[in-house]
Amino acid sequence: MSNSSKFIQIQYYQSPVGEIVLGSYDNALCLSNWRYGNHREHVEKRIAKALKSEYVEETSAVIEETKKQLGEYFLGQRDNFDIPLLMLGTDFQKSVWQALLKIPFGKTDSYLEQARSIGKEKAVRAVASANGANAISILIPCHRIIGSDGALTGYAGGLETKKMLLDLETASLMRALRSK
């Protein structure tokens with residue numbers, strides 16, 4: 001095993017909607033990115049630069065727990081995650097990502113609603129850009145952001161994946177309501 005303080009540990013997780021690269025650094029998840037997504041290379045370079053580190057393919061306790069919790073999520077048995085997260089970005093980006101964490105499971109917001117929630121109503125484009133820079137997909141649920149008109153908008157894993165995630169959450173909520 002490598003010295004985990006000098007490397008970003010990565011593993012691949014095959015989800016029902018696509019392969020995800022999971023990365024941990026210093027006992028926190030810093031990466032949950034679509035392996036074949038549009039911006040993978042850019043996101044991973046940004047993370048490595050921010051941590052002044054390199055990637056090594058090995059596991060960690062954080063990665064194994066993330067795999068377990070993602071498995072439960074995809075089975076409809078989990079609606080939130082309790083994984084330590086390491087968000088790497090500007091203060092503005094981090095505020096946008098924190099706002100994403102407040103969107104309830106199975107619900108959606110628009111970029112405008114998200115901008116309002118952080119007190120930056122006129123910064124809709126910057127909010128959209130920060131969503132696109134999110135390196136921790138699913139756990140920081142940028143898939144819950146849709147257009148003001150209700151249309152699905154860009155997603156690193158693709159619009160079909162975004163639709164599947166939203167459908168999965170809606171179906172889980174419906175099952176929970178029926179079982180009460």
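From a predicted model like this one, the values you see are computed outputs, not experimental measurements.
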Query raised in the report: Would the number of heavy atoms belonging to other residues, nucleotides or ligands and lying under 6.0 Å from CD of Glu160 be above 12?
Result: no
Requested in this report: Applying side-chain contact (heavy atoms from CB on, under 4.5 Å) between Cys142 and each of Asn131, Ile103, Val96, report the one that passes.
Outcome: Asn131
Query raised in the report: Can you name the closest pair of heavy atoms from Ile146 and Ala151 and give their distance?
Result: CB-O, 3.5 Å
Query raised in the report: Knowing that exactly one of Asn80, Leu101, Leu70, Leu100 qualifies, which makes a side-chain contact (heavy atoms from CB on, under 4.5 Å) with Leu139?
Result: Leu70
Report task. Can you establish whether the number of heavy atoms outside Lys68 located under 6.0 Å from its atom NZ is more than 12? Result -> yes
Query raised in the report: Quick check: does any side chain N or O of Gln11 sit under 3.5 Å from a backbone N or O of Gly23, one acting as donor and the other as acceptor?
Result: no
Query raised in the report: Any sub-3.5 Å donor-acceptor pair from Arg40's side-chain atoms to Ala156's backbone N or O?
Result: no
Query raised in the report: In this structure, are over 12 heavy atoms from other groups packed under 6.0 Å from Asp149 atom CG?
Result: yes
Query raised in the report: Would you say the side-chain atoms of Gln69 and Asp82 include a donor-acceptor pair closer than 3.5 Å?
Result: yes
Query raised in the report: What are the two closest heavy atoms between Ala126 and Phe92, and how far apart are they?
Result: O-CE2, 3.5 Å
Query - CD1-CD distance between Ile145 and Gln114, expressed to the nearest 0.5 angstrom - result: 4.0 Å
Query raised in the report: Would you call Phe81 and Leu29 a side-chain contact if the rule is heavy atoms closer than 4.5 Å?
Result: no
Query raised in the report: Taking the side chain from Ser129 and the backbone from Arg125, do they hold a donor-acceptor pair closer than 3.5 Å?
Result: no
Query - Intermediate values then yes/no, side chain to side chain contact (heavy atoms under 4.5 Å, CB included), Met87 and Gln98 - result: CA-CA 9 Å; Met87 296 181 205; Gln98 287 292 339; 3.2 Å; yes
Report summary line: Here the pair of heavy atoms bringing Ile118 nearest to Ser95 is CG2-O, 3.7 Å
Query - Step-by-step side chain to side chain contact (heavy atoms under 4.5 Å, CB included) determination, Tyr12 to Glu57 - result: CA-CA 9 Å; Tyr12 300 96; Glu57 194 170 330; 3.7 Å; yes
Query raised in the report: Is any NZ, NE, NH1 or NH2 atom of the basic residue among Lys67 and Glu64 found under 4.0 Å from an Asp or Glu carboxylate oxygen of the other?
Result: yes
Query raised in the report: Ignoring hydrogens and geometry, is there a side-chain-to-backbone donor-acceptor pair from Asn134 to Ile140 under 3.5 Å?
Result: yes
Requested in this report: Start with the C-alpha gap between Leu88 and Leu51, add the side-chain angles, then the distance that decides, and say whether side chain to side chain contact (heavy atoms under 4.5 Å, CB included) holds.
Outcome: CA-CA 8 Å; Leu88 299 162; Leu51 293 172; 3.6 Å; yes
Report task. Search all heavy atoms of Lys94 against all heavy atoms of Gly89 and return the closest pair with its distance. Result -> CE-O, 3.2 Å
Query - For Arg46 against Ala135, the heavy-atom pair lying closest together - result: NH2-CB, 4.0 Å
Report task. State whether the side chain of Gln9 and the backbone N or O of Val56 hold a donor-acceptor pair below 3.5 Å, judged by distance alone. Result -> no
**Report entry** Close side-chain approach of Trp34 and Ile138, heavy atoms under 4.5 Å
**Finding:** yes
Query raised in the report: Is there a donor-acceptor pair under 3.5 Å between the side chain of Glu65 and the backbone N or O of Val62?
Result: no
Report task. Determine whether Leu168 and Leu166 fall in the same hydrophobic cluster, where Ile, Leu, Val, Met, Phe, Trp and Tyr are linked whenever their side-chain heavy atoms lie under 4.5 Å apart. Result -> no
Requested in this report: Anything under 30° is parallel, anything over 60° is perpendicular, the rest tilted; go ahead and classify Phe74 against Tyr13.
Outcome: parallel
Query raised in the report: How far does OG of Ser53 sit from NZ of Lys6, to the nearest 0.5 angstrom?
Result: 9.5 Å
Report task. Consider only side-chain heavy atoms of I, L, V, M, F, W and Y, link residues closer than 4.5 Å, and tell whether Leu152 and Leu165 are in one cluster. Result -> no
Query raised in the report: Taking all atoms of both residues into account, what is the closest heavy-atom pair of Glu113 and Asp109, and its distance?
Result: OE1-CA, 3.1 Å
Query raised in the report: Are a donor atom and an acceptor atom from the side chains of Tyr111 and Thr153 found within less than 3.5 Å of each other?
Result: yes
**Report entry** Phe7 vs Tyr55 side-chain heavy atoms within contact, under 4.5 Å
**Finding:** no
Query raised in the report: So, do Ile8 and Leu31 sit near enough that their side-chain heavy atoms are less than 4.5 Å apart?
Result: no
Query raised in the report: Once you round to the nearest 0.5 Å, how far does CG of Leu86 lie from CD1 of Ile136?
Result: 7.0 Å
Query - Backbone of Asn27 reached by a side-chain donor or acceptor of Ser24 within 3.5 Å - result: no
Query raised in the report: What's the spacing between His143 NE2 and Lys162 NZ if we round to 0.5 Å?
Result: 9.0 Å
Requested in this report: Calculate, to the nearest 0.5 Å, the distance between atoms CZ and CD belonging to Arg78 and Glu72 respectively.
Outcome: 4.5 Å
**Report entry** Within 6.0 angstrom of Glu54 CD, more than 12 heavy atoms from elsewhere
**Finding:** no
Query raised in the report: Any donor and acceptor pair, going by atom type alone, linking the side chain of Ser32 with main-chain N or O of Ser137 inside 3.5 Å?
Result: yes
Query raised in the report: Do any N or O atoms from the side chain of Trp97 and from the backbone of Ala130 form a donor-acceptor pair under 3.5 angstrom?
Result: yes
Requested in this report: Look at Glu169 together with Arg144 and state whether they make a salt bridge at an N to O cut-off of under 4.0 Å.
Outcome: yes
**Report entry** Residues Ser172, Phe105; criterion side chain to side chain contact (heavy atoms under 4.5 Å, CB included); working and verdict
**Finding:** CA-CA 9 Å; Ser172 291; Phe105 179 87; 3.7 Å; yes
**Report entry** Gap between atom CG of Asp167 and atom CE of Met164 - 0.5 Å precision
**Finding:** 9.0 Å
